[in-house]
Each structure stands twice: as C-alpha cells, then as structure tokens.
Protein chains: 2
Amino acid sequence: MVSREEQRARVEAALAAHLLDHGLAQTSLRELARAAAVSDRMLLYYFADKAEVLGCAAQRIAADLAGHIGEAVGEGERLAPLALLERAGALVTRAEIRPYMRLWVQMIAAAGRGEAPFPAIAEAMLAGFLAWVEAHLAIDEAADRQAVAAMIVAAVDGLAIIDIGRGPDLAARAALAIPHLGRAL
Amino acid sequence: MVSREEQRARVEAALAAHLLDHGLAQTSLRELARAAAVSDRMLLYYFADKAEVLGCAAQRIAADLAGHIGEAVGEGERLAPLALLERAGALVTRAEIRPYMRLWVQMIAAAGRGEAPFPAIAEAMLAGFLAWVEAHLAIDEAADRQAVAAMIVAAVDGLAIIDIGRGPDLAARAALAIPHLGRAL
DNA sequence: ATATGAATGTAGCAACTGCTACATGGATTC
DNA sequence: GAATCCATGTAGCAGTTGCTACATTCATAT
C-alpha cells in the first residue's frame, strides 16, 4: 500500500504527460485512469471530482511550461517589443514546447466554453504569460505597457494556432518572419 | 410540408446563429435540434450525421465571416505588414466579429483534438485567412510573403485568445498597441 | 380512389458519462 | 487479539450521447 499523497503526486505526473500527448480529447475519467494506471474509482479517491483531477494536472503543466519559458530570456534581461516577440515566438515550435502550446489552445477554448475548471486555469496561465512578457519588455513609459505585452502574448499564442491548423513548418517560418513585420514595401 | 432542401437551409441558418451564440459548448444533436426548432430525428433526416450537421453550419459561418472581413480592406488595396495587422486586429473585438473569432478558436481547438469535422473546416478557414492577408500585403519580394502573412494571421487570432481569457478590453487595447511594436526603448 | 414516395413523429437501443454504495484487504493501534 | 481506519476492488446507477427501427401522415401521380 502506498500513501494517498504519494499516489496523488505520481498520478498527477502521469496525467500531465497524458494531457500533453493527447490534448483534451480523451479525458473521460476512465481514460485518464487508464493513462495513470489506476482504476477510475481511485482517481476519485485521490481527487474530489473530475474538475480537480484536470485542475491539478493542468496546474502542474502550467508550472512546467513556466519553467521552460523562463529559460528563454535571461533574468533581468529586457528586450524591445519585436525582439522579445522574436525570442518568444521561436519557442512555440520547439519540440519540448510545442505540446504545451497545443494544449494551451485547447484549454483556452475549453475556458471559452465555460467548462470547469478551465476558466480559472486559463486566466491564471494567461496572467502568468502577461507578467513574464511585461517583466522582460523594454519600452518607453508613454506606451501602454500592458497592452504591448498582451499583443506580444497574442502573437505568440497565434503561432500555436497556425501550428495546429497548418503544421509546425509554416508556424516556424512565420516566427522567423517577425523581423520583416516592421518593413514596408 | 416543406421540402427537405428548404428546411435544410433554414435549419442551417438557425444552427449557425446558435453556434455563434453558444460556441461549441452545447452541441449535442438534441440541443442543436432544439435551437433549430426541429426534432433531433429530423436533423439526421436533413443531414447524414452529426459531423455533417456541424460541417454545414460551420461552412456557412465561415462564409459569413469572410464577407465581414472582406469589407475591412478595400478591393485591391495593399498595406505594409504592421498596417495590415492593425486594420485586421481592430476587427477582432468589434461586436459583429467577436462571436466569430471566439468560435474560431474553439474550432481550431476541436481540430487539434482531431474531432470531426473540424480538422477539415479549420484547415479551409485558415487557408482563407492566409489568402486574404497575402492578397492585401505590400512587402518586397525578398521576404517570405506567406510566412509574413501567417504571422499576421497568428497575431490576429491571438487577439481572440486574449479576448477569451481576459475579456475584450485588454484585447482591444492590445490591438491599439500594434503601432508601438516597432518601437524600441 | 388508390398507390407511391417523401416528410415527420414516437420510442428506444447500446455505449459512454461522472459518480457512488458497498464490500474487502491490509496495516496500525490499543 | 480486537478494533479501527486507510487503501483498493466490484458493481452499478442515472443521465446523456449518437443514431435507428418503425409507424404514420401528407402530397402527388395515375
């Protein structure tokens, strides 16, 4: 017999891996249980209900993603908007990050449908993204700092949409095209 | 008695309206049928299966959206990347367009989950967006034209994500911040 | 008027959903 | 050794799902 807390942690990790692999497609309690190699009965012993199951797994995923992203720009380093966008955009199609971004789009969509627990999760994750960008954004005080940060986050997230709809190749090329955005004819 | 074709058209319009209102949240055959004021039995008389029900409604929605977007930039008019992005970005939070964009994000997510019929629909819609942007994009031939277009589409779609996660206010401000993207400290 | 086929209603099946009641094993405590 | 409690298994309920079998009505053609 293993303590409930240990199992919870192990199951959480397995669920996170499963979500990253399969997205929010197969997320019935029975499928999640199979992915975590426990019975569905046990899932609801470790967690209160399905929302908590998904919520805990998503929280862990968010933390992992934050860790990955944190490495992209040095502590205290600050970049101009397009430079920061370029740096962040290059992450989206990297093999370690791609599953996170694809899942992120599905979570935001679930939040849009009002499906618990995703509204809260999406809001928290988005706030994290915005804070990270703002912290590394070099821009004069006259500009709406938060709005510029939001636009950068939007562009990065949009790359994930391109990735989903057309594959990573176009998404990667789009990211590389960021320096051309500022150029006129 | 009404001809099957007439009913199909009427039902399609009702379904499109319902999807724009409620997203992909309540899309069981019984709910869709209620929204269209027919019996679920009839839905599967007009359409082959649920995938065709959603597919036809989505196709109509895509056509409507294309119409709305078409008005944003004059026929034959061409703009520099950031200018085009600004023009398109301003649409996302406009009251008539907002429901379309929110639904679009949900469709892309469903496509990412492999849920029929959305992979095909999402691919077609995305191709339409890309073609529209490319057609209005003024940029020198040295640049990867398709990639720049993809980046613009990404940024616009990303605004919809901000809208979903944080509401239209920040999304609108982010769109207004586009001119600041090119500015350094 | 009768036959035919299209349009519609009623009822329900089988699979899956989240969740629960109940029983049982094994360890710990007294 | 008895009592207790945590951890786990079995079985199943009630609701929802996509879809279908079957019966019926109605319009039209002969």
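Below, read A as the first sequence line, B as the second, and so on, with proteins coming before strands; counting in each chain starts at 1.
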Which atoms form the tightest heavy-atom contact between A/Pro81 and A/Ile152, and what is the distance? O-CD1, 3.7 Å

Sub-3.5 Å donor-acceptor pair from the side chain of A/Lys50 to the main-chain atoms of A/Thr27, do we have one? yes

Any donor-acceptor N/O pair, A/Glu134 side chain to A/Ala149 backbone, under 3.5 Å: no

Spacing between B/Arg41 atom CZ and C/dG12 atom C1', to the nearest angstrom: 13 Å

For DNA chain C, the residues among residues 46-59 of chain A that have a non-hydrogen atom under 4.0 Å from it: A/Asp49, A/Lys50

D/dT16 P sits how many Å from B/Arg34 CZ, rounded? 10 Å

Taking only residues two or more places apart in sequence, or in another chain, which ones meet A/Leu65 in a side chain to side chain contact (heavy atoms under 4.5 Å, CB included)? A/Ile69, A/Ile97, A/Tyr100, A/Met125, A/Phe129

Within residues 19-33 of chain A, residues whose heavy atoms come under 4.0 Å of DNA chain C: A/Thr27, A/Ser28, A/Leu29, A/Arg30

Among C/dA21, C/dT8, C/dC19, the one nearest B/Gln7 by side-chain distance: C/dT8

Between D/dG9 and A/Ser39, is there an OP1 or OP2 to side-chain N/O distance shorter than 4.0 Å? yes

Any donor-acceptor pair under 3.5 Å linking the side chain of A/Arg78 with the backbone of A/Leu137? yes

Using atom CG of A/Leu44 as one end and atom P of D/dA11 as the other, report the distance to the nearest whole Å. 18 Å

Whole angstrom value for the distance that separates C1' of D/dT8 from CZ of A/Arg8: 17 Å

Nearest-Å distance, CE (A/Met42) to C1' (C/dC19)? 13 Å

Salt-bridge present (B/Arg8, B/Glu52; N to O < 4.0 Å): yes

From CZ of A/Arg10 over to C1' of D/dT8, roughly how many Å is that when rounded to an integer? 14 Å

Hey, any chance B/Val38 and B/Tyr45 share a hydrophobic cluster, counting ILVMFWY side chains that come within less than 4.5 Å of each other, even indirectly? yes

For atom CG of B/Leu43 and atom C1' of C/dA7, their distance in whole Å: 14 Å

Out of D/dC6, C/dT8, D/dG9, whichever nucleotide has its closest atom nearest the side chain of A/Tyr45: D/dC6

Check ion pair B/Glu77-B/Arg87 (N to O, under 4.0 angstrom): yes

B/Gln146 and A/Arg173: side chain donor to acceptor below 3.5 Å: yes

